[in-house]
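Following: one structure in structure tokens, then a few remarks.
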2 protein chains.
Amino acid sequence: MEPLKHDSVIPLYHQLMERIKGSIEKGHWTPGDKIPSENQLMDQFGVSRNTSKKAIEELVQEGILYRIQGKGTFVAKPKLQQSLMGFYSFSKVLKENGLNPKDIILKIEEVTPTSKIREALQLREDEHVIEMKRLRCANNEPYILESSFIPKHVVSDPEQLKKVGEISLYDLFSQQFNIVVTSAKEAFEPVLIRADETEYLQTEEGRPALLLERTAYDITGKPVEFCISIVRGDRCRFYTELT
Amino acid sequence: MEPLKHDSVIPLYHQLMERIKGSIEKGHWTPGDKIPSENQLMDQFGVSRNTSKKAIEELVQEGILYRIQGKGTFVAKPKLQQSLMGFYSFSKVLKENGLNPKDIILKIEEVTPTSKIREALQLREDEHVIEMKRLRCANNEPYILESSFIPKHVVSDPEQLKKVGEISLYDLFSQQFNIVVTSAKEAFEPVLIRADETEYLQTEEGRPALLLERTAYDITGKPVEFCISIVRGDRCRFYTELT
DNA sequence: CAGTGGTCTAGACCACGCA
DNA sequence: GCGTGGTCTAGACCACTGG
């Protein structure tokens, strides 16, 4: 391990943060693992304890680590898994109650991205993406029609994507492709159900729906998924709190 | 000013945070004011610079203060005023650009609340509310049709509500009724424009729109406003970030 | 230039979790 | 009892802002 640059314009604690994030990215440490203590980092990188502490505290602030007094510092689960766990990827969507979620994969194929998708995923002109189209159901009723676009270079084996029936897409990213989704941007607007969507969503043309666009980013800030969802308006209600 | 308790179980930086927050609450310092520097706080309260720094940094984290290197530390505006400022009350709604917002007041009158409104505002059976219905425009085009329901007991003089043309409702609450709105809950869902709304929103029946319901709370957690908005779907796009 | 916040060091004592 | 994180001190040098 290279030493930190003590004469750099980049603060030591910031360099140390990058090292720690790097180790998580590379998979040396995974969620739940204990990372070295403040004293160990201090010796290992030749900084004071306050500096190693500051690096850790910032990462705790970012939700990447968590600490337990007397025990140690640990790698946290990606935040998105906390809020987007299991079913939809949208933050606070829910229709109360214990839904029985189920996904039907409609297609998985390599496509040429539209310019909108290419821009969102920051792709070069010639790069392809994998499109996965899913119908997301709860209690065997369709709620969401969703297409995920994933840069081809992040999906080592598209066959693996079929597993999204069993585990969530972001768990799959982390386990199969070694990509941890840590943040996302969303935009949404109300729309009407289109004729070609009625078949899947089992509703009528012109009914209210929400169009949701999400771009998901890995720990380095690189976009790894662009997702377009049509959400049935009669079955979902969205909540937020402002504090 | 009493000294801090150096032998308390409560950390010094935490006590100092309380003192600073207290000074803001009591109005000694108001948004934009410069507060004492780290060195001044250090001398004044008999702590080390790192301790006064930590207190300030925590308050910056909470959004109560902000710092500018070389200039000083300043009191920030309340968070809700940052996100709900001026025009809509919804957090991240915007259609980019410099809108020229304008509200048209359609009516202000005392009404008997529906059970839904009574529940949201936690009212007794016999309590009345003031309804204020507004058409909210930008660049002279209607965007939002909005009804605010306010418990009668918080509005000492309904005439004052007419001022919402000039200042925001929450500024009015604070200045006229001495109520500081500090949090809110929102729920939204896609709907279709109804016939009776077309006249105001200058659009056609059946077009996509967003129905937004917001309950606003004062600093004690008491609900002070329930608001129902119809937002034109073709003119607004909503953004959120998940981090 | 003096004052501010930003970074960093080298110490210290404490409360907590665990063996 | 030892290692952990939590708090705290007393210094230091730096970059930035303003007069």
Side-chain angles (χ1 to χ4, degrees), chain A residues 1-21 23-24 29 31-77, chain B residues 2-21 23-24 29 31-76:
Chain A
M1 183 70 85
E2 280 177 40
L4 302 179
K5 293 171 189 161
H6 281 253
D7 54 355
S8 164
V9 287
I10 298 166
L12 286 171
Y13 76 89
H14 205 289
Q15 296 181 45
L16 185 46
M17 284 169 66
E18 293 304 320
R19 299 295 183 99
I20 295 171
K21 281 201 280 186
S23 290
I24 296 172
W29 302 326
D33 283 2
K34 185 172 179 301
I35 75 163
S37 71
E38 293 179 355
N39 285 321
Q40 287 168 339
L41 289 172
M42 173 182 136
D43 294 341
Q44 190 176 339
F45 290 98
V47 296
S48 75
R49 189 178 155 207
N50 275 339
T51 301
S52 67
K53 173 188 282 293
K54 171 134 186 168
I56 291 173
E57 278 175 345
E58 291 267 305
L59 291 172
V60 168
Q61 194 58 46
E62 291 181 21
I64 293 172
L65 302 176
Y66 63 95
R67 325 191 73 179
I68 303 175
Q69 188 176 128
K71 293 192 72 174
T73 303
F74 306 85
V75 178
K77 283 191 182 168
Chain B
E2 280 177 39
L4 303 179
K5 291 171 189 161
H6 281 254
D7 54 355
S8 164
V9 286
I10 298 165
L12 287 170
Y13 77 90
H14 206 288
Q15 295 180 48
L16 185 46
M17 285 169 64
E18 293 303 321
R19 299 296 182 98
I20 295 171
K21 283 200 281 188
S23 290
I24 296 172
W29 303 325
D33 283 3
K34 186 172 177 302
I35 74 162
S37 71
E38 293 178 356
N39 284 321
Q40 287 169 339
L41 289 172
M42 173 181 134
D43 293 341
Q44 190 176 338
F45 290 98
V47 296
S48 75
R49 188 177 156 208
N50 274 339
T51 301
S52 67
K53 173 187 284 293
K54 170 131 186 169
I56 291 173
E57 278 175 344
E58 291 267 304
L59 292 172
V60 168
Q61 194 58 46
E62 290 181 22
I64 293 171
L65 302 176
Y66 64 94
R67 326 191 73 178
I68 303 175
Q69 186 176 132
K71 295 192 71 173
T73 303
F74 305 86
V75 178

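In what follows, every chain begins at residue 1, and chains take the letters A, B, ... in the order their sequences are listed.
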Listing time: all N or O pairs from protein to nucleotides 8-10 of chain D that are below 3.5 Å?
unit_1: D/dC8; atom_1: OP1; unit_2: B/Leu12; atom_2: N; d: 2.3
unit_1: D/dC8; atom_1: OP2; unit_2: B/Leu12; atom_2: N; d: 3.2
unit_1: D/dC8; atom_1: OP2; unit_2: B/Tyr13; atom_2: N; d: 3.3
unit_1: D/dT9; atom_1: OP2; unit_2: B/Ser48; atom_2: N; d: 2.8
unit_1: D/dT9; atom_1: OP2; unit_2: B/Ser48; atom_2: OG; d: 3.0
unit_1: D/dT9; atom_1: OP2; unit_2: B/Thr51; atom_2: OG1; d: 2.5
unit_1: D/dT9; atom_1: O4; unit_2: B/Asn50; atom_2: ND2; d: 3.3
unit_1: D/dA10; atom_1: N6; unit_2: B/Asn50; atom_2: ND2; d: 2.7

Could I get a table of every N or O pair under 3.5 Å where one atom is in the protein and the other is in nucleotides 17-19 of chain D?
unit_1: D/dG18; atom_1: OP1; unit_2: B/Lys71; atom_2: NZ; d: 3.3

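Residues A/Gly63 and A/Ala76 approach most closely at O-CB, 3.4 Å, considering heavy atoms. Closest of all the heavy-atom pairs between B/Phe74 and B/Gly32 is CD2-O, 3.6 Å. A/Val47 and A/Ser52 get closest at one heavy-atom pair: CG2-N, 4.1 Å. Residues A/Lys34 and A/Lys71 come closest through the heavy atom pair CE-O, 3.2 Å. Across B/Val75 and B/Ile35, no two heavy atoms sit closer than the pair CG2-CG2, 3.7 Å.
Per the geometry, CD belonging to B/Glu38 stands 17 Å off P belonging to D/dA15, to the nearest Å. For B/Asp7 and C/dA15, the CG to P distance is 12 Å, given to the nearest whole Å. Computed from coordinates, the A/Leu65 CG to D/dG6 P distance equals 12 Å when rounded to whole Å. Whole-Å rounding puts the B/Lys54 NZ to C/dT7 C1' distance at 16 Å. The CD1-P distance, from B/Ile35 to C/dT4, rounds to 12 Å in whole Å. Straight-line distance from the CE atom of B/Met42 to the P atom of C/dT4: 11 Å, rounded to whole Å. B/Tyr66 places its OH atom 15 Å from the C1' atom of C/dT4, with the value rounded to the nearest Å. Atom CG of B/Leu4 is separated from atom C1' of D/dT7 by 14 Å (rounded to the nearest Å).
B/Gln40 comes within contact range of the sugar-phosphate backbone alone, with a heavy-atom separation under 4.0 Å but no base atom that close.
Atom CD1 in B/Ile24 sits 7.0 Å away from atom CG in B/Leu59 (nearest 0.5 Å). Expressed to the nearest 0.5 Å, how far CG of A/Leu12 lies from NZ of A/Lys54 amounts to 12.0 Å.
The list of side chain to side chain donor-acceptor pair (under 3.5 Å) pairs with a residue in residues 36-47 of chain A, not counting sequence neighbours, reads A/Glu38-A/Arg49, A/Glu38-A/Lys53, A/Glu38-A/Arg67.
Checked by atom type and distance alone, the side chain of B/Glu58 never pairs as donor or acceptor with a backbone atom of B/His14 at under 3.5 Å.
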